[in-house]
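One structure is given here, and the rest of the page talks about it.
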Amino acid sequence: MITLTYPFDEKAVRALKAGDAVSITGRLYTGRDKFHKFVADGGALPVDFTDGALYHCGPVCVRDGADGAWRVVAAGPTTSVRENPYEPAFIAASGVRLIVGKGGMDAATRAAMKRHGCVYVQAVGGAGALYAAAVRRVAGVSLLDEFGAAEAVWHFDVVDFRGVVAMDAHGRSLFAEVAEASARALAGLR
(Lines give C-alpha, C1' and ligand atoms only; values in the text may rest on other atoms or scores of the structure.)
Protein backbone atom coordinates (compact mmCIF):
# COMPACT_ATOMS: atom_id res chain seq x y z
CA MET A 1 0.00 0.00 0.00
CA ILE A 2 1.42 3.37 -1.03
CA THR A 3 0.40 6.36 1.07
CA LEU A 4 -0.36 9.59 -0.77
CA THR A 5 -0.71 12.78 1.27
CA TYR A 6 -2.13 16.09 0.03
CA PRO A 7 -0.70 18.11 -1.63
CA PHE A 8 0.12 15.34 -4.10
CA ASP A 9 3.63 15.83 -5.41
CA GLU A 10 4.06 15.38 -9.17
CA LYS A 11 7.20 13.27 -8.72
CA ALA A 12 5.40 10.89 -6.33
CA VAL A 13 2.40 10.67 -8.67
CA ARG A 14 4.59 9.95 -11.69
CA ALA A 15 6.29 7.16 -9.72
CA LEU A 16 2.97 5.31 -9.34
CA LYS A 17 2.28 2.34 -11.57
CA ALA A 18 -1.01 0.87 -12.74
CA GLY A 19 -1.96 -1.79 -10.21
CA ASP A 20 -0.51 0.03 -7.17
CA ALA A 21 -2.82 0.05 -4.14
CA VAL A 22 -2.98 3.52 -2.60
CA SER A 23 -4.17 5.11 0.61
CA ILE A 24 -5.07 8.78 0.24
CA THR A 25 -4.96 11.24 3.13
CA GLY A 26 -5.79 14.91 2.86
CA ARG A 27 -8.17 16.91 0.70
CA LEU A 28 -10.42 15.49 -2.01
CA TYR A 29 -12.81 17.68 -3.99
CA THR A 30 -15.87 16.13 -5.58
CA GLY A 31 -16.98 17.01 -9.08
CA ARG A 32 -19.49 15.51 -11.46
CA ASP A 33 -21.30 16.36 -14.70
CA LYS A 34 -22.56 19.87 -13.92
CA PHE A 35 -19.17 20.89 -12.51
CA HIS A 36 -17.27 19.66 -15.56
CA LYS A 37 -19.66 21.36 -18.00
CA PHE A 38 -19.56 24.57 -15.95
CA VAL A 39 -15.75 24.68 -16.12
CA ALA A 40 -15.70 23.73 -19.82
CA ASP A 41 -18.13 26.57 -20.52
CA GLY A 42 -15.72 29.07 -18.90
CA GLY A 43 -16.84 28.99 -15.27
CA ALA A 44 -14.15 29.75 -12.71
CA LEU A 45 -12.78 26.91 -10.64
CA PRO A 46 -14.30 27.25 -7.16
CA VAL A 47 -11.15 25.82 -5.50
CA ASP A 48 -7.48 25.43 -6.34
CA PHE A 49 -6.95 21.93 -7.74
CA THR A 50 -3.17 22.35 -8.08
CA ASP A 51 -1.53 19.14 -6.79
CA GLY A 52 -4.98 18.07 -5.62
CA ALA A 53 -7.53 15.35 -6.19
CA LEU A 54 -10.88 15.32 -7.99
CA TYR A 55 -13.33 12.66 -6.88
CA HIS A 56 -16.14 11.72 -9.27
CA CYS A 57 -18.75 11.41 -6.55
CA GLY A 58 -22.24 12.62 -5.73
CA PRO A 59 -22.21 12.16 -1.98
CA VAL A 60 -25.11 12.06 0.43
CA CYS A 61 -24.41 14.76 3.01
CA VAL A 62 -26.66 15.89 5.87
CA ARG A 63 -26.54 18.69 8.40
CA ASP A 64 -25.70 17.33 11.82
CA GLY A 65 -25.81 18.66 15.37
CA ALA A 66 -26.55 22.07 16.79
CA ASP A 67 -23.72 23.69 14.84
CA GLY A 68 -25.13 22.52 11.49
CA ALA A 69 -21.89 20.90 10.37
CA TRP A 70 -22.08 18.61 7.38
CA ARG A 71 -21.76 14.85 7.82
CA VAL A 72 -21.20 12.40 4.97
CA VAL A 73 -23.58 9.44 4.92
CA ALA A 74 -22.43 7.90 1.63
CA ALA A 75 -19.61 8.83 -0.73
CA GLY A 76 -19.26 6.14 -3.35
CA PRO A 77 -17.72 6.82 -6.76
CA THR A 78 -19.79 7.63 -9.80
CA THR A 79 -19.00 6.41 -13.30
CA SER A 80 -16.18 8.49 -14.75
CA VAL A 81 -16.73 7.88 -18.47
CA ARG A 82 -19.31 10.70 -18.59
CA GLU A 83 -16.50 13.18 -17.93
CA ASN A 84 -14.36 12.06 -20.91
CA PRO A 85 -15.30 15.09 -23.06
CA TYR A 86 -14.06 17.46 -20.33
CA GLU A 87 -11.28 15.73 -18.43
CA PRO A 88 -8.24 16.26 -20.71
CA ALA A 89 -8.73 20.04 -20.71
CA PHE A 90 -9.49 20.03 -16.98
CA ILE A 91 -6.28 18.13 -16.21
CA ALA A 92 -4.24 20.51 -18.37
CA ALA A 93 -5.74 23.68 -16.89
CA SER A 94 -6.11 22.73 -13.22
CA GLY A 95 -2.89 20.98 -12.22
CA VAL A 96 -4.88 18.16 -10.61
CA ARG A 97 -2.80 15.04 -9.80
CA LEU A 98 -5.42 12.42 -8.87
CA ILE A 99 -8.74 11.63 -10.51
CA VAL A 100 -10.76 9.18 -8.42
CA GLY A 101 -13.82 7.39 -9.77
CA LYS A 102 -15.03 4.10 -11.17
CA GLY A 103 -14.91 2.49 -14.56
CA GLY A 104 -11.96 4.26 -16.12
CA MET A 105 -11.64 6.91 -18.79
CA ASP A 106 -10.71 7.18 -22.46
CA ALA A 107 -7.44 7.38 -24.39
CA ALA A 108 -7.54 11.19 -24.60
CA THR A 109 -7.75 11.45 -20.82
CA ARG A 110 -4.98 8.87 -20.48
CA ALA A 111 -2.77 10.96 -22.78
CA ALA A 112 -3.48 14.09 -20.71
CA MET A 113 -2.57 12.19 -17.54
CA LYS A 114 0.73 11.14 -19.07
CA ARG A 115 1.50 14.65 -20.31
CA HIS A 116 0.61 16.45 -17.06
CA GLY A 117 1.50 13.94 -14.31
CA CYS A 118 -1.90 12.70 -13.18
CA VAL A 119 -3.28 9.24 -12.34
CA TYR A 120 -6.72 7.67 -12.22
CA VAL A 121 -7.53 5.87 -8.97
CA GLN A 122 -10.26 3.24 -9.18
CA ALA A 123 -12.58 3.36 -6.17
CA VAL A 124 -14.90 0.47 -5.39
CA GLY A 125 -18.47 0.90 -6.59
CA GLY A 126 -21.09 0.07 -3.99
CA ALA A 127 -18.80 1.01 -1.09
CA GLY A 128 -20.34 4.42 -0.36
CA ALA A 129 -20.58 3.84 3.40
CA LEU A 130 -16.97 2.67 3.56
CA TYR A 131 -15.73 5.76 1.73
CA ALA A 132 -17.93 7.99 3.88
CA ALA A 133 -16.13 6.58 6.94
CA ALA A 134 -12.84 7.79 5.45
CA VAL A 135 -14.18 11.37 5.35
CA ARG A 136 -13.13 12.86 8.66
CA ARG A 137 -14.46 16.35 7.98
CA VAL A 138 -16.43 18.28 5.41
CA ALA A 139 -14.22 21.35 5.13
CA GLY A 140 -16.62 23.18 2.84
CA VAL A 141 -18.85 23.04 -0.19
CA SER A 142 -18.87 25.12 -3.38
CA LEU A 143 -21.64 25.66 -5.94
CA LEU A 144 -24.26 24.07 -3.67
CA ASP A 145 -26.99 26.58 -4.52
CA GLU A 146 -26.19 26.45 -8.22
CA PHE A 147 -25.89 22.67 -8.67
CA GLY A 148 -27.68 21.03 -5.73
CA ALA A 149 -26.18 18.65 -3.18
CA ALA A 150 -25.32 15.71 -5.46
CA GLU A 151 -23.52 17.88 -8.05
CA ALA A 152 -21.90 20.45 -5.73
CA VAL A 153 -18.14 20.53 -5.17
CA TRP A 154 -17.64 19.09 -1.70
CA HIS A 155 -14.34 19.61 0.13
CA PHE A 156 -13.53 16.40 2.00
CA ASP A 157 -10.68 15.85 4.42
CA VAL A 158 -10.03 12.11 4.25
CA VAL A 159 -7.83 9.61 6.06
CA ASP A 160 -6.91 6.24 4.53
CA PHE A 161 -9.18 6.56 1.50
CA ARG A 162 -8.23 3.48 -0.53
CA GLY A 163 -8.15 2.63 -4.18
CA VAL A 164 -6.03 1.18 -6.97
CA VAL A 165 -4.12 3.13 -9.60
CA ALA A 166 -5.87 1.95 -12.75
CA MET A 167 -4.43 4.53 -15.18
CA ASP A 168 -0.92 5.81 -14.55
CA ALA A 169 1.14 8.77 -15.76
CA HIS A 170 3.14 6.45 -18.06
CA GLY A 171 0.16 5.76 -20.34
CA ARG A 172 -0.77 2.37 -18.90
CA SER A 173 -4.45 1.60 -18.31
CA LEU A 174 -5.71 -1.57 -16.65
CA PHE A 175 -9.07 -0.95 -18.34
CA ALA A 176 -7.48 -0.85 -21.81
CA GLU A 177 -5.47 -3.98 -21.06
CA VAL A 178 -8.59 -5.90 -20.03
CA ALA A 179 -10.45 -4.71 -23.15
CA GLU A 180 -7.56 -5.76 -25.39
CA ALA A 181 -7.22 -9.17 -23.72
CA SER A 182 -10.98 -9.73 -24.00
CA ALA A 183 -10.93 -8.82 -27.71
CA ARG A 184 -8.09 -11.31 -28.34
CA ALA A 185 -9.93 -14.03 -26.44
CA LEU A 186 -13.13 -13.34 -28.34
CA ALA A 187 -11.29 -13.43 -31.67
CA GLY A 188 -9.85 -16.81 -30.69
CA LEU A 189 -13.34 -18.19 -30.21
CA ARG A 190 -14.41 -17.45 -33.79
Side-chain angles (χ1 to χ4, degrees), residues 4 6-20 22 24 26-59 75-125 127-128 131 141-143 146-148 150-156 158 161-180:
L4 302 172
Y6 176 81
F8 308 107
D9 176 73
E10 181 179 358
K11 183 177 177 182
V13 169
R14 287 190 180 276
L16 296 169
K17 304 276 190 274
D20 287 343
V22 295
I24 302 166
R27 181 67 49 90
L28 293 179
Y29 296 107
T30 67
R32 291 180 40 153
D33 305 19
K34 286 184 180 180
F35 166 72
H36 281 84
K37 182 160 180 11
F38 170 78
V39 172
D41 288 345
L45 291 175
V47 297
D48 184 2
F49 281 93
T50 304
D51 296 330
L54 171 65
Y55 183 24
H56 295 157
C57 172
T78 194
T79 304
S80 298
V81 69
R82 295 189 315 266
E83 313 317 337
N84 279 332
Y86 311 111
E87 213 71 87
F90 178 79
I91 291 167
S94 69
V96 70
R97 297 284 172 221
L98 307 177
I99 305 291
V100 181
K102 73 176 179 185
M105 302 196 77
D106 66 8
T109 300
R110 184 173 14 150
M113 289 178 172
K114 183 176 180 179
R115 189 173 320 111
H116 299 288
C118 181
V119 299
Y120 181 87
V121 175
Q122 171 70 36
V124 177
Y131 287 121
V141 61
S142 302
L143 303 171
E146 295 85 349
F147 296 166
E151 295 276 350
V153 176
W154 293 90
H155 316 184
F156 290 163
V158 301
F161 184 104
R162 294 185 178 204
V164 173
V165 175
M167 297 170 69
D168 65 26
H170 308 283
R172 185 172 172 213
S173 168
L174 299 181
F175 301 105
E177 290 174 12
V178 168
E180 291 162 8

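Counting begins at 1 with the first residue of the sequence.
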Can you confirm whether [X] sits close enough to [Y] that some side-chain heavy atom of one is under 4.5 Å from a side-chain heavy atom of the other?
X    : Y    : answer
R32  : R82  : yes
I24  : F8   : yes
V119 : V22  : no
S173 : M167 : yes
F90  : L45  : yes
H56  : K102 : no
I99  : M113 : yes

Taken to the nearest 0.5 Å, the spacing of T79 OG1 from M105 CE works out to 10.5 Å
Distance (rounded to the nearest 0.5 Å) between E83 CD and T78 OG1: 7.5 Å
Return the minimal non-hydrogen interatomic distance between [X] and [Y], and the atom names on each side.
X    : Y    : answer
L98  : C118 : N-SG, 4.1 Å
A176 : R110 : CB-NH2, 3.8 Å
P46  : F35  : CD-CE1, 3.8 Å
G76  : C57  : O-SG, 3.4 Å
S142 : V47  : OG-CG1, 4.0 Å
D48  : T50  : OD1-OG1, 2.6 Å

Stepwise side chain to side chain contact (heavy atoms under 4.5 Å, CB included) check, L54 with E87: CA-CA 10 Å; L54 171 65; E87 213 71 87; 3.6 Å; yes
If you draw a 6.0 Å radius around NZ in K17, do more than 12 non-hydrogen atoms from other residues or ligands fall strictly inside? yes
Donor-acceptor under 3.5 Å ([X] side chain, [Y] main chain):
X    : Y    : value
Y55  : V100 : no
Y131 : R162 : yes
D51  : P7   : no
E151 : G31  : no
H116 : G95  : no

Pair V121-L16, side chain to side chain contact (heavy atoms under 4.5 Å, CB included): steps then yes or no: CA-CA 11 Å; V121 175; L16 296 169; over 6 Å; no
For the pair D41 and K37, evaluate salt bridge (charged side-chain N to carboxylate O under 4.0 Å, His left out) and give the outcome as yes or no after the intermediate values. CA-CA 6 Å; D41 288 345; K37 182 160 180 11; 2.7 Å; yes
Between K34 and E146, does any side-chain N to carboxylate O distance fall below 4.0 Å? no
Show your reasoning for whether side chain to side chain contact (heavy atoms under 4.5 Å, CB included) applies to F156 and F161. CA-CA 11 Å; F156 290 163; F161 184 104; over 6 Å; no
